[in-house]
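Each residue takes its place number in the sequence, starting with 1.
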Amino acid sequence: MTFDDIRTLLDKQFSGSVLSANTQNPQPYLVVSAEHIADICRFLKQDERLFFDLLACISAIDNGPAAAGAPVGTMEVVYNLTSIPYGHNLMIKVVVERNTDEEPLPTIPSVSHIWRTADWHEREAFDLIGIRFTGHPDLRRILMPTDWEGHPLRRDYKDPERYHGIRTQQPLDPPGVGHELPK
C-alpha cells in the first residue's frame, strides 16, 4: 500500500482528522489531529490492509518560541510506524500549541494501550520535553530525578545552577587549564 493509499483510507475513515501531508521529505508524513491520534493509531494497527504492528519510536520536538522554519509556538510528537508483514513504514505527526511556564503542559492522548513500546517513549517525551499523555498508565519521570524542575530538552529550559547542593553548570575549562599543548 502506498503513502497516498494510506492517506486516502484514513481520510475516509476519519474525515477531517488528517490535517495535512508532506511528501517533499525523504520520509513523507501525515499530520493528524491530536484528539484523534489514539483512534487513528488503533485503526492503523488493527486494519488488516495496513497492520502497523510495530511502533518503532515516538519523538517529541519543541519548536520553541522562535524556531527557524518551524511553526513557532508549537510542539510536535512524531510516531514512526512499521508493518512488518507488509514491509511498509509510516510517519505521523501531531502538532499542539506550546505552553508557557504559567500554563499546564500540552496534552495528547496516549497510545500505550495500542503498542506497549509507547509506554517508555511517552514517559521520555513527558520527562524531557513536557508533553502530558492522557490515559498513560504510569506517566512519571523516567530519566531525570523525580524532583527535577523543568524539562531539559525544551528550547526555553534554564539549567539550574545547583541541584541538592551539587553544581550542575560546569565551566568549559577547569581553573588553570587551557588549550595550549604542554611544552
Side-chain angles (χ1 to χ4, degrees), residues 17 19-20 22 25-42 44-45 52-82 89-173:
S17 293
L19 305 176
S20 65
N22 184 323
N25 290 356
Q27 172 67 52
Y29 61 87
L30 297 172
V31 178
V32 302
S33 70
E35 68 181 292
H36 294 109
I37 186 63
D39 295 330
I40 290 170
C41 286
R42 185 179 303 104
L44 289 169
K45 183 179 181 186
F52 283 98
D53 55 331
L54 175 65
L55 171 67
C57 185
I58 296 176
S59 304
I61 302 162
D62 178 4
N63 292 320
V72 175
T74 62
M75 292 182 165
E76 300 175 17
V77 178
V78 181
Y79 302 80
N80 293 292
L81 308 175
T82 299
N89 300 305
L90 180 64
M91 184 186 297
I92 297 177
K93 287 187 180 186
V94 171
V95 180
V96 292
E97 295 220 2
R98 189 175 187 283
N99 67 309
T100 63
D101 291 337
E102 298 80 38
E103 297 173 1
L105 299 177
T107 60
I108 296 175
S110 174
V111 296
S112 62
H113 59 287
I114 301 167
W115 296 283
R116 288 185 61 186
T117 56
D119 182 283
W120 196 94
H121 294 291
E122 289 176 352
R123 284 181 62 191
E124 180 185 38
F126 166 72
D127 194 4
L128 299 178
I129 297 285
I131 295 176
R132 186 171 305 282
F133 292 88
T134 56
H136 189 283
D138 189 20
L139 193 62
R140 60 187 163 94
R141 291 201 180 267
I142 194 166
L143 298 171
M144 302 302 293
T146 56
D147 63 345
W148 193 267
E149 290 186 26
H151 305 279
L153 293 184
R154 289 180 65 122
R155 291 186 181 261
D156 59 354
Y157 178 72
K158 303 257 188 293
D159 238 354
E161 201 170 303
R162 296 192 174 275
Y163 174 71
H164 292 283
I166 301 168
R167 187 180 168 115
T168 61
Q169 299 177 355
Q170 301 299 320
L172 293 177
D173 292 313

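Using modelled atom types, no side-chain atom of S112 and backbone atom of H136 make a donor-acceptor pair closer than 3.5 Å. Side chain of K93 to main chain of Y29: no donor-acceptor pair is present (N/O by atom type, distance under 3.5 Å, no hydrogens or angles).
Considering all non-hydrogen atoms of both residues, T107 and V96 come closest at O-CG1, 4.1 Å. L143 and W120 make their closest contact through CD2-CZ2, 4.3 Å (heavy atoms, listed as atom of the first residue, atom of the second, distance). The two atoms that bring P109 and A38 nearest to each other are CB-CB, 4.3 Å, heavy atoms only. Shown here for A60 and I131, the closest heavy-atom pair between the two residues is CB-CD1, 4.1 Å. Heavy-atom minimum distance, M75 versus P106: SD-CG, 3.7 Å. Here the shortest heavy-atom pairing between F126 and F133 reads N-CE1, 4.3 Å.
The side-chain heavy atoms of L153 and D62, taken from C-beta on, include no pair separated by under 4.5 Å. Between I92 and I37 the shortest side-chain heavy-atom distance falls below 4.5 Å. The closest side-chain heavy-atom distance from V94 to V32 is below 4.5 Å. By the 4.5 Å heavy-atom criterion applied to side chains, M91 and N25 are not counted as neighbours. Side-chain contact between P152 and M144: present, with at least one pair of heavy atoms (C-beta onward) separated by less than 4.5 Å. Using a 4.5 Å heavy-atom threshold, the side chains of L139 and R132 count as touching. Side chains of R140 and T146 form no contact here, defined as non-hydrogen atoms less than 4.5 Å apart.
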message = Between N99 and R154, is the side chain to side chain contact (heavy atoms under 4.5 Å, CB included) condition met? List the steps.
response = CA-CA 11 Å; N99 67 309; R154 289 180 65 122; 3.0 Å; yes

request  = Check the pair L105, H151 against side chain to side chain contact (heavy atoms under 4.5 Å, CB included), reporting the backbone distance first and the verdict last.
outcome  = CA-CA 11 Å; L105 299 177; H151 305 279; 3.9 Å; yes

task = For the pair E122 and V111, evaluate side chain to side chain contact (heavy atoms under 4.5 Å, CB included) and give the outcome as yes or no after the intermediate values.
result = CA-CA 9 Å; E122 289 176 352; V111 296; 3.5 Å; yes

request  = Take T74 and N63 through the test side-chain hydrogen bond (donor to acceptor under 3.5 Å, both in side chains) and record every step on the way to the result.
outcome  = CA-CA 6 Å; T74 62; N63 292 320; 2.9 Å; yes

request  = Please report the C-alpha distance between Y163 and D147 in whole Å, then the side-chain angles of each, then the deciding distance to 0.1 Å, and finally whether the side chain to side chain contact (heavy atoms under 4.5 Å, CB included) criterion is met.
outcome  = CA-CA 10 Å; Y163 174 71; D147 63 345; 2.5 Å; yes

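In this structure, OH on Y79 lies 15.5 Å from CZ on F52, to the nearest 0.5 angstrom. Rounding to the nearest 0.5 Å places CD1 of I142 at 7.0 Å from CG of D119. The distance from atom CG of L90 to atom SG of C41, rounded to the nearest 0.5 Å, is 9.0 Å. Separation of atoms CD (E35) and OG1 (T134) is listed at 11.5 Å; rounding is to 0.5 Å. Distance check, rounded to the nearest 0.5 Å: CG of N80 to CD of Q27 gives 7.0 Å. Atom NZ of K158 is separated from atom CD of E149 by 14.5 Å, given to the nearest 0.5 angstrom.
Annotation: R162, atom CZ; neighbour count of heavy atoms from other residues, nucleotides and ligands within 6.0 Å is above 12.
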